[in-house]
Protein chains: 2
Amino acid sequence: MLTIKEIAEMANVSRATVSRVLNASGYVSEAARKRVLEVVEKTGYVPSQHAKSLRTKQTKVIGVILPKISTETSSRIVDGMNDVFSKQGFQILLTTTNLEPEKEIEYIRLLKSRQVDGIVLFATNINAELITEIEQLQLPFVAIGQDIPGVCSVTYEDFQSSKTMVKAIIEKGYKNIAFIGVDESDRAVGLDRKQGFLKSMEEHNLVVRKEWVKTTNFDIPSGYEAMKIIMEHSETKEIPDAVFAVTDRIAIGAMQYLKEVGYKIPDQIAVSGMGAADISQYVQPALTTIEYENQRAGKEAALLLLDQIVKNERNDKKVILGYRLIIRDSI
Amino acid sequence: MLTIKEIAEMANVSRATVSRVLNASGYVSEAARKRVLEVVEKTGYVPSQHAKSLRTKQTKVIGVILPKISTETSSRIVDGMNDVFSKQGFQILLTTTNLEPEKEIEYIRLLKSRQVDGIVLFATNINAELITEIEQLQLPFVAIGQDIPGVCSVTYEDFQSSKTMVKAIIEKGYKNIAFIGVDESDRAVGLDRKQGFLKSMEEHNLVVRKEWVKTTNFDIPSGYEAMKIIMEHSETKEIPDAVFAVTDRIAIGAMQYLKEVGYKIPDQIAVSGMGAADISQYVQPALTTIEYENQRAGKEAALLLLDQIVKNERNDKKVILGYRLIIRDSI
DNA sequence: GTCACTTATGAAATCGATTACACACTGATT
DNA sequence: AATCAGTGTGTAATCGATTTCATAAGTGAC
C-alpha cells in the first residue's frame, strides 16, 4: 500500500504539498502540482481514508440500520437514500437487525465507533431504552417509519391511509369487514393502521367482530393462515364480505386461501392490501392497495441527515409523506 | 468524543493498559482491569475504529458493489452475505453502480481507499478494463454471477438451467417457441441463457425463428413490449405456442400482454420464466420457472471471501450453484 | 530601500489507537 | 545469593494522513 510519504518522495516534494494538491487547498506551484499528479496517476495511489478520517473527523459514511434487507420496502428505501448520498460522495454502511430489537442499540454503538457521519434507522419496534440511546447519541440521526419524540424522522400517514382504504371499501358497499394486522409493538403498521380501520368502521357505524380481527406476521403464508382461521371460524355463522389486510403480502396470502377454497374475489369477498408491492398489480384480481413512496422516504431521510451533517447540529424536523389509494379489481 | 487517553487518566492507568483490557491482550492485573471497565461502562466509551484500523490494517468492513439494490436478486444476495459477515463481526459497505459499468472501477478504487478487508462484486457486464482492475487489486475479492478467469467467483448454471427449462417446455409438446432475452453483454443472463435455449432447440431439431427472438430489458413493461412485438409481427403468419423468457419479470410482462389480448395461458400459448421471483407463484397462472439460490450465493461468496481474508491470500476458487426446475401452471 | 502582500514550500504537531520494548516486582529454583 | 520465568505497567514509536506555523522569495506601492 502506497503512502503519501512515498508519493512525496517520488515527486520530490513534501507530504504537505502532496496533500495540498490532492485536496486543492493552499498554494501549490503549477510545476509541483503536475509532478504530483503524474506520480499519483502512474502509481494509482489512493489516500488512506482512515488516516484522513482520524484527522478530519469526517468519514463520508452513513450508517443504516434496517430490520431486514430483502423486503421491497427496505430495498426501495435504501435505493432512495443511496441515490442522494452517493451524489454527495457518501457511502452506506449497512447493518440489519433481523428483527431482533436489542440489535438496534448494539448497532447504533457500533456505527458510532466506526465514526459514521450520521445514522438512519428504519424503525419497527421502539422502546424506552432505544429512545434513550438515540437521545444521548450526539450524531446526526433520522428515523424512518416511526415517529420518535424529539427525533428527526420521516414517517408515513399510516392512520390516515388506513382509514382512507377502509372508507373506500365501505363505500363500495361492503359492511362485514375482517381485519388482518400485525403486532401492535410496531406502532406504525401494527397500531396506527389498526386504529385507522377501527376509526373508519366507527365513523360508518359498522360493528367490528372480534373473531374477524386477526394478528399475524408480515409474510404471505401468514396471511394465508390468518384468512383460513377467520373463514373456518366463521363457517357455521356469517362470513365477512371483505378483508382489509395491513400489507399486500398478507392480502395476497389471504387471496390465495380464498381462491383455493373457491371464493370469487371480489364478488363473494373483497380483499385489500397496503404498500403497493410490485407484485400487487399482477395477482388476479389485481389488488387494491395504498401506495407509500418508499424511495422518496429514503431520499427525504438522506436529505434530512445531510442537512444535519452540513449544519453540524441535530434537529427534530419531521417529514410526513403522503399516500395514494390505488383502486384495482380486488374490491 | 472520548479518547483512550481520557479513559486512561480516569482509570489511573496508561493508555497501553486500557488497550490491553479492551483487547484482552497482554497482562493486566485484576484491579486495573476492573477500574478500566468501570470507567468504560460509565462513560460509554467506544474506541475509534479509524485509529484502530490505521494501526492494525483491519477494518472489518466488506465492500459490496451491486448493479442495483432494489431487485429481488440483489437483496437476497446481500441478505445471505450479511448473515455470514455479521456473525464474524464484519459490516457491509454498500455501493451501487445503477447499471453504469464505469462505476464498477470507480467503486473498486473507492473501496480500496476505504481500506475494506475485501470486495464482493455482483457482476453484470464485464470488460477487459474491469478485469485488469480486478487483477491488479491486491485485496480479497469474489465475483458473483459472472465467471471471471483467474478470479474467485460464485456463479449459477445459466446455460444448463436454461437448457433444462427449454427441454421441459418441449417435452410438454410445444414446438414453436419464442425467446425473450436480454443483451448479451450480460454473459450469464444474456448470453448463456440464450445459448441454452438454442442448444435445446437444436437437440430437439426444432427451428428457431428470428422474428420470435427478442432482446429487451429486465423489467416487467419490457417483457410486455417484447411480447407485443412478437405477436403483432406474427399476426398474419404463425404464432408461437410457447414463450421462454430469461427472467420472471419479463415473463410476467409477457403474460400480461397475452392475457390482455385474450390468449389463454397455457392452452393457447405457454410462458416460462427464470429466477423464481416471489411474485412468480402468485400470478395467474402460476409461473413455471427455475430457482437459483440467491441467498446461498451470497453466503457462499461471503465464505469464499472470509477464507481469503483469514488466509491472507487471494485465490480463484469457483463455486457453481445448482438450480431447481419449478413446474407450475404456465406451461 | 522598506513595507506589506501574495505565493510556495517544508518541518513538525496532531488525530487515537496498538504494540515493541524496557523496567520492576514476585516467587521459585539452583 | 544468583538466576529465571511469569506478571504487570508505562514510555514511546508507529500507522498515514492534515494542518499550523515558520520561512523565503517575488511583486508592487510608497
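All chains are named by letter (A, B, ...) in the order of the sequence lines, taking the proteins before the strands, and each is independently numbered beginning at 1. The model shown is predicted, which means the values in this text are computed figures rather than measured ones. Atoms considered below: every heavy atom in the structure, side chains included; atoms not considered: hydrogens, waters and symmetry mates.
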Legend entry - Closest to the A:Ala51 side chain, choosing from D:dT18, D:dG16, C:dT19: D:dG16
Inset, instruction - Answer yes or no: does a side-chain N or O of A:Lys57 lie under 4.0 Å from OP1 or OP2 of C:dG16? - result: yes
Inset, instruction - Could you grab the distance from atom CD of B:Glu104 to atom CG of B:Leu130, nearest 0.5 Å is fine? - result: 5.0 Å
Inset, instruction - Run the numbers on B:Met81 and B:Val120 for side-chain contact (heavy atoms from CB on, under 4.5 Å), then give the verdict. - result: CA-CA 9 Å; B:Met81 287 196 298; B:Val120 178; 3.7 Å; yes
Inset, instruction - Answer yes or no: does a side-chain N or O of B:Ser48 lie under 4.0 Å from OP1 or OP2 of C:dC15? - result: no
Legend entry - Contact under 4.0 Å: A:Tyr27 side-chain N or O vs C:dT7 OP1/OP2: yes
Inset, instruction - Classify the nucleic acid contact of B:Ser19 as base, sugar-phosphate or nothing, counting any heavy atom under 4.0 Å across all strands shown. - result: base
Legend entry - Nucleotide C:dG16, atom P - distance to CD of B:Glu9 in whole Å: 13 Å
Inset, instruction - Please state whether the phosphate of C:dG10, meaning OP1 or OP2, lies under 4.0 angstrom from any side-chain nitrogen or oxygen of A:Ser14. - result: yes
Legend entry - Comparing A:His50 and B:Arg33 on DNA chain D - which has the more 5′ nearest nucleotide: B:Arg33
Inset, instruction - Give a yes or no on whether a salt bridge exists between A:Arg296 and A:Glu300, defined as a side-chain N under 4.0 angstrom from a carboxylate O. - result: yes
Inset, instruction - May I have the distance from B:Arg20 (atom CZ) to D:dA12 (atom C1'), rounded to whole angstrom? - result: 12 Å
Inset, instruction - Starting at atom CD of B:Gln115, determine the distance to atom P of D:dA17, rounded to an integer number of angstrom. - result: 8 Å
Inset, instruction - Verify whether one side chain among A:Asn294 and A:Glu72 offers a donor that lies under 3.5 Å from an acceptor in the other. - result: no
Inset, instruction - Assign B:Val18 to base, sugar-phosphate, or nothing according to its heavy-atom contacts below 4.0 angstrom with the strands shown. - result: nothing
Legend entry - Presence of salt bridge, A:Lys299 and A:Glu293, under 4.0 angstrom: no
Inset, instruction - Kindly indicate whether the side chain of A:Arg55 and the base of C:dG16 share any N or O donor-acceptor pair separated by less than 3.5 Å? - result: no
Inset, instruction - Assess the side chains of B:Asp147 and B:Thr155: does a donor N or O sit below 3.5 Å from an acceptor N or O? - result: no
Legend entry - Test log, rule salt bridge (charged side-chain N to carboxylate O under 4.0 Å, His left out), inputs B:Lys317 and B:Asp307: CA-CA 10 Å; B:Lys317 282 189 196 158; B:Asp307 184 50; 2.9 Å; yes
Inset, instruction - Determine to 10° how strongly the helix from C:dG1-D:dC30 to C:dT30-D:dA1 is bent, judged from the axes of its five-pair ends. - result: 60°
